[in-house]
Amino acid sequence: METKGGFYITQIKQLQDRIFEKMLVESGIEISSGQGRILFVLWKKEGLTVGEISRQTSLAKNTVSVVVDGMVQKGLLERKINPENRRQTIISLTENAKAMREKYEAVSERMRVLFYQGFSEQELKQFEGYLARIRNTLAEYEENF
């Protein structure tokens with residue numbers, strides 16, 4: 001049996017990224033999807049390490065490091081040495097990044113409405129359940145690979 005789930009997921013991700021970035025620009029926010037994922041995580045919990053951000057965003061550590069570098073240069077993030085463990089660097093939001101949150105969340109809500117347009121509540125729960133199962137299977141496989 002031929003399946004196209006992975007192909008569709010890839011296409012959806014690419015379309016969603018392009019549309020979301022256009023919506024952000026319309027709202028005066030010029031960041032990439034990777035930067036948005038990092039900001040989203042830090043808005044939930046301030047002061048994380050690169051490893052913690054990597055786990056929560058599913059981005060590779062080296063990708064997070066590169067994206068964080070660019071965000072530090074843009075004045076969105078800052079790095080600080082953890083006073084409790086001097087070998088650890090903590091990534092924190094700047095005031096500029098904190099001020100962006102409300103607009104970003106409004107764009108996220110617009111994207112959520114578009115993404116699930118035409119779905120019933122039951123279909124949405126079922127769909128997200130299937131996606132969670134696939135994600136969990138892949139995450140478990142990656143850990144044991």
Side-chain angles (χ1 to χ4, degrees), residues 3-119 123-145:
T3 60
K4 296 182 180 179
F7 179 71
Y8 290 145
I9 289 170
T10 300
Q11 285 187 319
I12 290 166
K13 174 74 175 113
Q14 291 169 340
L15 287 165
Q16 185 265 336
D17 281 349
R18 287 195 304 266
I19 293 167
F20 191 66
E21 285 185 26
K22 286 177 184 177
M23 287 179 173
L24 287 172
V25 169
E26 280 179 4
S27 296
I29 301 172
E30 295 196 33
I31 59 173
S32 69
S33 61
Q35 291 171 335
R37 286 162 72 180
I38 291 170
L39 287 173
F40 185 77
V41 165
L42 289 169
W43 283 325
K44 286 182 172 181
K45 184 176 182 206
E46 175 92 37
L48 299 173
T49 65
V50 167
E52 291 166 330
I53 294 169
S54 171
R55 278 188 296 283
Q56 291 186 36
T57 60
S58 296
L59 295 169
K61 276 186 185 180
N62 60 337
T63 301
V64 171
S65 292
V66 169
V67 175
V68 165
D69 286 343
M71 294 175 78
V72 167
Q73 290 176 354
K74 282 177 103 172
L76 297 172
L77 301 178
E78 54 190 16
R79 286 189 168 94
K80 296 177 184 171
I81 300 298
N82 183 349
E84 297 172 18
N85 179 352
R86 302 205 43 81
R87 294 177 297 159
Q88 221 175 36
T89 302
I90 302 295
I91 310 302
S92 299
L93 298 165
T94 63
E95 291 304 314
N96 187 20
K98 289 175 186 176
M100 238 186 238
R101 183 175 184 168
E102 197 172 309
K103 281 185 179 180
Y104 186 92
E105 287 177 348
V107 173
S108 290
E109 178 59 17
R110 281 180 58 204
M111 191 69 212
R112 186 195 65 77
V113 168
L114 176 62
F115 200 85
Y116 292 116
Q117 187 174 330
F119 280 74
E123 288 172 326
L124 190 142
K125 285 179 182 178
Q126 190 175 24
F127 174 68
E128 287 197 342
Y130 293 145
L131 291 176
R133 279 175 50 191
I134 292 168
R135 186 214 155 288
N136 293 342
T137 299
L138 293 174
E140 185 179 317
Y141 181 83
E142 181 182 41
E143 284 178 20
N144 298 317
F145 191 65

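The analysis underlying the following values was restricted to heavy atoms, covering all of them including side chains, and did not include hydrogens, waters or symmetry mates.
Side-chain contact check for Met100 versus Leu76: some heavy-atom pair is nearer than 4.5 Å. You'll find the side chain of Val68 reaches within 4.5 Å of the side chain of Ile38, heavy atoms only. For the pair Leu77 and Leu39, the minimum side-chain heavy-atom distance is below 4.5 Å. Inter-residue side-chain proximity for Arg37 and Ser58 is flagged as met; some heavy-atom pair is nearer than 4.5 Å. Contact check for Gln35 versus Lys74: side-chain heavy atoms found under the 4.5 Å cut-off.
Taking every heavy atom of both residues into account, Ala60 and Ser54 meet most closely at C-OG, 3.8 Å. Here the closest non-hydrogen pair linking Val50 and Ser65 is CG1-OG, 3.7 Å. The two residues Leu124 and Phe119 have their closest heavy-atom pair at N-CD2, 4.1 Å. The minimum heavy-atom distance linking Ile81 with Arg86 is given by the pair CG2-O, 3.5 Å.
More than 12 non-hydrogen atoms from other residues, nucleotides or ligands lie less than 6.0 angstrom from CZ of Phe20.
Using cut-offs of 30° and 60° on the angle between ring planes, the pair Tyr116 and Phe127 is perpendicular.
Taking CD of Glu109 as the start and CD of Glu105 as the end, the distance is 10.0 Å to the nearest 0.5 Å. Here the CD atom belonging to Glu46 is positioned 4.5 Å from the OG atom belonging to Ser92, to the nearest 0.5 angstrom. Atom CE of residue Met23 and atom NZ of residue Lys103 lie 16.0 Å apart, to the nearest 0.5 angstrom. Taken from NZ in Lys4 to CD in Gln11, the straight-line distance is 9.5 Å, to the nearest 0.5 Å. Rounding to the nearest 0.5 Å places CD1 of Ile9 at 12.5 Å from CZ of Arg135. Note that CZ of Arg55 and CD1 of Ile53 are 10.5 Å apart. Values are rounded to the nearest 0.5 Å.
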Let me see the working for Leu48 and Ile90 under side chain to side chain contact (heavy atoms under 4.5 Å, CB included), right down to the final yes or no. CA-CA 5 Å; Leu48 299 173; Ile90 302 295; over 6 Å; no
Gln117/Leu114 under side chain to side chain contact (heavy atoms under 4.5 Å, CB included): CA gap, chis, key distance, verdict: CA-CA 5 Å; Gln117 187 174 330; Leu114 176 62; 3.7 Å; yes
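The backbone N or O of Ala97 sits less than 3.5 Å from a side-chain atom of Trp43, completing a donor-acceptor pair. Of the possible polar contacts, none joining the Glu78 side chain to the Thr94 backbone as a donor-acceptor pair under 3.5 Å is found.
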